[in-house]
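The analysis underlying the following values was restricted to heavy atoms, covering all of them including side chains, and did not include hydrogens, waters or symmetry mates.
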Amino acid sequence: MPENGAQHPRTRTRPQARSTTRPQTRNRPRTEDTGPPSTGADEKATLRGFLDYLRNSVADKVASTPEPHVRESGVPSGTSLLGLLKHLASVERFAFLGEDADDWRATMRPSAEDTVDGVLADYRKSVERANEVIDACPDLTLPAPRPARRGPGPSMRWILVHMIEETGRHAGHADILRERIDGSTGR
């Protein structure tokens, strides 16, 4: 114990007695929790496997949420499940196809004309095209495609790791938004 009588940061005090009554909760549907993928045969396969896993997780959250709930924000920023997926489609095209976005904030806001099926199809097409670029890359140290007005891009390895982080971050947002909508949890 430190000299001043304070507990060591790793030492925990015993929790106070807990109430035996549970708070009222609504039925909470749970989606199947699939867990992360097996490791791939090589670095690129492993990175793409984790990225695909996260991509599918976000798409599944959106696909199984009915209108108008898929557009509901539930947070002050205005973020919705449909907006997250629309944004991620733009990010996929930017990162792997070299397409630029004029207004990144606008990519988070679905229009009245955007449908769940349409945004899902656009996202899946963007992912399919991105995977073709990833698969064609012979060396992860090579630069990823970049919009013409920008300088050389970072390596494909950096882009893959960044996209795992970006998609994982938004998958967490989607988890919270979906749980606020109907209580469902899991991947």
Side-chain angles (χ1 to χ4, degrees), residues 31-65 70 75 77-110 114 116-179 184-187:
T31 57
E32 187 172 322
D33 205 358
T34 58
S38 299
T39 57
D42 59 20
E43 181 185 15
K44 183 167 53 169
T46 300
L47 292 171
R48 184 170 154 205
F50 273 89
L51 181 55
D52 283 340
Y53 164 72
L54 292 167
R55 289 163 163 168
N56 290 331
S57 178
V58 175
D60 289 348
K61 291 278 182 187
V62 173
S64 60
T65 306
V70 73
V75 292
S77 67
T79 302
S80 69
L81 286 171
L82 196 60
L84 284 173
L85 197 64
K86 184 174 180 168
H87 170 71
L88 283 171
S90 295
V91 174
E92 290 278 348
R93 290 191 300 270
F94 174 79
F96 295 112
L97 308 175
E99 293 181 19
D100 212 346
D102 293 330
D103 181 0
W104 281 106
R105 288 185 184 181
T107 67
M108 293 286 285
R109 295 187 298 271
D114 285 327
V116 173
D117 289 342
V119 173
L120 275 166
D122 180 54
Y123 181 67
R124 288 182 174 134
K125 183 65 176 171
S126 298
V127 166
E128 181 182 316
R129 291 174 55 209
N131 281 344
E132 290 170 1
V133 171
I134 295 166
D135 291 346
C137 181
D139 181 351
L140 295 180
T141 64
L142 295 174
R146 230 15 192 193
R149 69 174 196 245
R150 297 183 183 241
S155 70
M156 181 61 78
R157 177 181 291 109
W158 189 93
I159 291 292
L160 283 164
V161 171
H162 171 67
M163 287 301 296
I164 290 167
E165 177 270 331
E166 175 87 4
T167 308
R169 178 174 179 248
H170 291 313
H173 296 145
D175 287 343
I176 292 167
L177 290 171
R178 183 59 192 268
E179 186 173 359
S184 72
T185 60
R187 290 178 268 245

So, taking the atom named [atom1] in [X] and the one named [atom2] in [Y], what distance separates them when rounded to the nearest 0.5 Å?
| X | Y | atom1 | atom2 | answer |
| --- | --- | --- | --- | --- |
| Asn56 | Leu51 | CG | CG | 9.5 Å |
| His173 | Met108 | NE2 | CE | 7.5 Å |
| Glu165 | His170 | CD | NE2 | 8.0 Å |
| Thr107 | Leu85 | OG1 | CG | 11.5 Å |
| Met156 | Ile134 | CE | CD1 | 6.0 Å |
| Ile176 | Leu81 | CD1 | CG | 11.0 Å |

**Study point:** Partner set under salt bridge (charged side-chain N to carboxylate O under 4.0 Å, His left out) for Asp135, not counting sequence neighbours
**Key:** Arg48
Study note, to complete from the structure: With sequence neighbours left out, the residues meeting salt bridge (charged side-chain N to carboxylate O under 4.0 Å, His left out) with Glu99 are Arg93, Arg129
[X] side chain near [Y] side chain, heavy-atom distance below 4.5 Å:
| X | Y | value |
| --- | --- | --- |
| Glu179 | Asp175 | no |
| Val119 | Val62 | no |
| Thr141 | Arg157 | yes |
| Leu88 | Glu166 | yes |
| Arg109 | Asp103 | yes |
| Asn131 | Phe96 | no |

With [X] via side chain to side chain contact (heavy atoms under 4.5 Å, CB included) - residues at least two apart:
| X | answer |
| --- | --- |
| Pro154 | Arg146, Trp158, Ile159 |
| Asp117 | Thr115 |
| Val161 | Leu47 |

Exercise for review: Could you go through the salt bridge (Lys or Arg N to Asp or Glu O under 4.0 Å) check for Asp52 and Arg55 one step at a time?
Suggested key: CA-CA 5 Å; Asp52 283 340; Arg55 289 163 163 168; 2.6 Å; yes
Check [X] against [Y] and note the closest heavy-atom contact, atom names and distance.
| X | Y | value |
| --- | --- | --- |
| Ala95 | Ala144 | O-CB, 3.9 Å |
| Pro145 | Val133 | CG-CG1, 4.0 Å |
| Ala171 | Leu54 | CB-CD2, 4.5 Å |
| Leu177 | Ser80 | CD1-C, 3.8 Å |
| Asp114 | Leu82 | O-CD2, 4.3 Å |
| Thr185 | Lys61 | C-NZ, 4.2 Å |

Practice item. Kindly write out the residues that satisfy ring pair (Phe, Tyr, Trp, His ring centres under 6.0 Å) with Phe50, not counting sequence neighbours, or none if the list is empty. Key: none
Exercise for review: Look at the side chain of Ser57 and the backbone N and O of Tyr53, then say whether any donor-acceptor pair between them is shorter than 3.5 Å.
Suggested key: no
Review point. Is the side chain of Lys44 donor-acceptor paired with the backbone N or O of Cys137 at a distance under 3.5 Å, no angle test?
Key: yes
